[in-house]
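Take a look at the structure set out below.
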Amino acid sequence: MDRRALVQWLVATGGMAAFHRLSAHDVETIGRDVHRRVAQQVSESNTGADASDAQPARGRALNGHAAATVAAAAERIIPASDTPGATDARVTSFIDTMMTDWYSAAERDRFVRGLDELDERSRAQHGRVFVDVPVASQVTLLETVDAEVTALRTARGASANEHWFAMLKYLTVWGYCTSEAGMRRTLKSYPPPMRYDGAAPVRAS
Amino acid sequence: MSTPLVQARRANDYDAIVVGSGMTGGWAAKELTQQGLRTLVLEAGRPITPERDAVEHTAPFEMKFRGLGDRRTVEARQRTQRNSVSFDEMSHVFWTDDVDNPYSAPAGKPFDWFRARQVGGKSLIWGRQVYRMSDLDFEANAREGIAVDWPIRYRDIAQWYDHVERFIGISGKAEGIAHLPDSVFLKPMAMNVVEQHVQSRIAARYGRDRVMTIGRVAVLTESRPGRAACHYCGPCERGCTTRSYFSSVNATLPAARATGRMTLRPHSIVRSLIYDAGKHRVSGVRVIDAQTGQALEFTARVVFVCASAIESARLLLNSATPEFSTGLANSSDQVGRNIMDHIKWGGASGEFDGWTDRRVLGSRPNGIYVPRFRNIGTTRADFVRGYGFQGSANRSGWQNATRAPGIGLAFKRRLTALGPWSMTFNGYGEMLPNPANRATVHPTLVDKWGIPSLHIDCAWSANELAIHRDMSITAAEMLEASGARNVQPSTRGPSTPGNANHEMGTVRMGRDPKTSVLNQWNQSWDIPNLFVTDGGAMTSSGCQNPSLTYMALTARACRYAVEELKRRNL
């Protein structure tokens, strides 16, 4: 929340407090909420590009190598340009959260086996694991897998979503488009406009 | 209002007790306290303070699962509640825990019983669409010989619609449609460019037969003291810091509190009503404190049950006495029967070429509405009653890219590319009352507090299924008439009963004590100081979103109860 929005919000809630003759407890709650939001704003502004994104904590689903593989592949799917890429958007951290706390063990294992399979292909073609080959080779490897998923989708429909690369792409796009960097700088969907326009011009992009 | 009704007696004694603090409990609290009654409002769940609990502005990147929800916890604890369209990663805290609050249904006949236990109840998470019923609805049962006749007509409730609407604030547009009477409106929300196009094409094709109007919604478009106009942030079901949409927390409960006559007691699960056989009255309620497990009793001169249709039926059934062995106030054997909802998942969508230089900005908590047009003037052979459509037009965004081919910069550009405009109509169809659609006390299943749970046996009839089929046909017709391409009638089967979150009818009003539970004043035929004013009272379902009618009936019943107290008839 920027300063202007914060001031507007304080004015709005302050006005309501007077009208509804809120109890002392309620007023105290508003006060705590303000502090929470301010603290959050400060912590957000102190968070730069996330250096820890490829170094997940112990007890996470993706170990160091798996996280590095996901980070490299996600950046190839959504590369940085004049707008942030997947790394800037901390997509690996989101994918690790999903693998650790959202997917079932079977789904997680299928995903991690897919990362191993990517390394095997990379070794077979280039003699090195995926993260150690040049970016151009990473792109070629992923384009091959992507084409396989597309063919699978044509043949089998939505069951293609279970393919490890379909999972990776889905999570990369979802994680990116719900990230602060992606929403603020690429999609320009945050902060929300706080008004409705049903005939707004489409920005040239 | 100074009145001899206000008499402090024992500590746990009040003029009135209201069971529930949601849509109708909030209205009962407001009306009874403003008319001078010292009122105890009992809420089973926790307290809610908008400044603390409303989380509508939480950004996706502030959520652990980015809006995908805590899947493992939800699958373990909220397998039914998650079926609601308003259930999400933030709003899930406003639904009950299905493990603590179990119920059963026959194999192969699921019923979605959406429940909310907190101050504000389901008024926090409702869809906010508000439409008056008319004599097309109030006369329907009598005209067709179905179930029992409503004991009221539109003229009996019209002024109470006015009364409720002035207080809650409804945005919408007057259309002068006889069977969907206009409300007291604030300025309407805007239609977007494609909705305006579809509206004009439907008008050109169907004239006054099929009308598309902006949704009538209990969301402020004009600020008033204490409540700000909507700022179009979107997810109302997460609460509203600016109190722009109507909920009991945002409006009625503060008004009741301002009288100084309301005592609101959260964490208070009403176990049963206390019946005084000597006086033929309810004397009060038995409560279990949800936090301590302590058993408590409260007494009052009049009791309003506003716990939501099925929960109110459960309370009556669980309050059986020697005099009322099948459930309190149930001499008619209608308590728990005639469950109605609205049938959904029929409709259609289609795409539009053009307007590629235009988009929607902001999130309008409202859509369009097409009032019922079937069985008005003419009569169909395949079903009685009818349905209305809700819907909207928009352009798809980055979600399409999650399954799209490609990687790299070209793929990244897809994230910001908008898809074509598409328009969707979703039907809401009337359900007929049927005594076989019924909730009964489960012989063994109990909730976390040991209170017997319900077994709910409810299914669509052939009439509802015919309505469901017709929805997809007429929705596709309107899209074709609007020039849409790739028109897709819905391929979904009928919705799960209960899924519209419009459950009603379980404590119905009527004209005869032998066939109905409540009289024309929402007053128990059997026990005169007992009122039920939530959706349970509905004699038929209409196809309109029903909360507005529940609220109007509540305000009307409160006025009657206060007058009867003054006349010393209760």
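Residue numbers begin at 1 in each chain, while the letters A, B, ... track the order of the sequences. FYI, side chains are in, hydrogens and waters are out, and symmetry mates aren't considered; it's all heavy atoms of this structure.
Only the backbone of B:Thr356 comes within contact range of chain A, with at least one heavy atom under 4.5 Å from a heavy atom of that chain. If you measure heavy-atom distances from A:Ala181 to chain B, you find no contacts under 4.5 Å at all. Interface remark: B:Ala229 contributes no atoms to any contact with chain A (heavy atom separation under 4.5 Å). Within the 4.5 angstrom heavy-atom criterion, atoms from both the backbone and the side chain of A:Pro79 approach chain B. Of the two parts of B:Arg413, neither the backbone nor the side chain holds a non-hydrogen atom closer than 4.5 Å to a non-hydrogen atom of chain A.
The greatest number of non-hydrogen atom pairs below 4.5 Å with chain B, out of A:Ala200, A:Ser189, A:Ser81, is found for A:Ala200. Counting heavy-atom pairs closer than 4.5 Å to chain A, the top-ranked of the candidates B:Glu195, B:Arg66, B:Arg358, B:His231 is B:Arg66. Taking A:Ser179, A:Ser104, A:Gly85, A:Ala160 one by one and counting their heavy-atom pairs under 4.5 Å with chain B, the maximum is reached by A:Ser179. Between chain B and the residues A:Leu142, A:Ile78, A:Asn161, the largest count of heavy-atom pairs under 4.5 Å involves A:Asn161. Residue with the most contacts toward chain A among B:Asn192, B:Leu409, B:Ile407: B:Ile407 (heavy-atom pairs, distance under 4.5 Å).
The structure places CZ of B:Phe411 at 12.0 Å from CD of A:Glu143, a figure rounded to the nearest 0.5 Å. With rounding to the nearest 0.5 Å, the separation of CZ in B:Arg364 from CZ in A:Arg195 is 15.0 Å. Within the model, atoms CE of A:Met194 and SG of B:Cys230 stand 10.0 Å from one another, a figure rounded to the nearest 0.5 Å. Put simply, CZ on B:Arg359 and CG on A:Asp197 are 10.0 Å apart, with the number rounded to the nearest 0.5 Å. The OG1 atom of A:Thr97 lies 11.5 Å from the CG atom of B:Leu68; values are rounded to the nearest 0.5 Å.
Residues of residues 146-155 of chain A having a heavy atom under 4.5 Å from any heavy atom of chain B, listed by number: A:Asp146, A:Thr150, A:Arg153. Applying a 4.5 Å heavy-atom cutoff, the residues of residues 164-178 of chain A that approach chain B are A:Phe165, A:Ala166, A:Lys169, A:Tyr170, A:Val173, A:Trp174, A:Gly175, A:Tyr176, A:Cys177, A:Thr178.
Heavy atoms only, all atoms of each residue included: A:Trp102 and B:Phe65 are closest at CD1-CD2, 3.4 Å.
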Show the atom names and distances, to 0.1 Å, of all donor-acceptor pairs under 3.5 Å that link a side chain in residues 128-139 of chain A to residues at least two apart or in another chain.
{"from": "A:Arg128", "atom 1": "NH1", "to": "A:Asp132", "atom 2": "O", "distance (Å)": "3.4"}
{"from": "A:Gln138", "atom 1": "OE1", "to": "A:Arg76", "atom 2": "NH1", "distance (Å)": "2.5"}
{"from": "A:Gln138", "atom 1": "NE2", "to": "A:Phe130", "atom 2": "O", "distance (Å)": "2.9"}

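In this structure, the side chain of B:Arg72 engages the main chain of A:Tyr103 through a donor-acceptor pair within 3.5 Å.
Using modelled atom types and a 3.5 Å distance limit, the side chains of A:Thr83 and B:Lys412 yield a donor-acceptor pair.
In this structure, B:Thr221 and A:Tyr196 have side chains that are not in contact, with every pair of non-hydrogen atoms separated by 4.5 Å or more. The shortest distance between side-chain heavy atoms of A:Leu187 and B:Thr416 falls below 4.5 Å.
Considering only residues two or more places apart in sequence or on other chains, A:Asp119 meets the side-chain hydrogen bond (donor to acceptor under 3.5 Å, both in side chains) condition with A:His65.
Residue B:Arg82 qualifies as enclosed at atom CZ: its count of foreign heavy atoms under 6.0 Å is above 12.
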